Amino acid sequence: MTRFNVYGTRIGDVHRNVRGGVTGLPAWGRFIVTLAALPGLALLAFAIVIGLLALLVLLLTAGVAFWLVMKVNGLFAGGGETRDTRRPHSKRVDVTVLDSE
């Protein structure tokens with residue numbers, strides 16, 4: 001466990017050294033580092049946009065496929081008639097109850 005603590009403190013030291021090194025640079029040095037990081041940031045933004053677009057396409061195609069399967073199955077009953085999906089083979093019966101008094 002002590003080795004883990006040693007490595008953890010070393011990583012923290014590296015982070016502090018890098019952060020201190022970048023903030024300790026002159027303005028022109030920070031500008032060059034920023035220019036070097038811009039292509040990576042642009043690729044990251046592009047990947048996020050492409051991922052969101054792929055998710056949108058997936059949801060759209062799944063929605064259309066779901067609608068089509070439901071339409072083929074006849075579960076979208078038209079004409080105001082509703083179907084009980086729990087009992088697909090049941091029939092609707094209109095009944096009039098007469099009171100025998």
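Heavy atoms only: backbone and side chains are in, while hydrogens, waters and symmetry mates are out. Keep in mind it's a predicted model, so treat the numbers as computed, not measured.
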Using 0.5 Å steps for rounding, measure from the [atom1] atom of [X] to the [atom2] atom of [Y].
X: Leu43; Y: Ile48; atom1: CG; atom2: CD1; value: 11.5 Å
X: Thr34; Y: Leu25; atom1: OG1; atom2: CG; value: 9.5 Å
X: Thr61; Y: Leu68; atom1: OG1; atom2: CG; value: 12.5 Å

Inset, instruction - Determine, using the 4.5 Å side-chain heavy-atom cutoff (strictly less than), whether Leu52 and Leu59 are members of one ILVMFWY cluster. - result: no

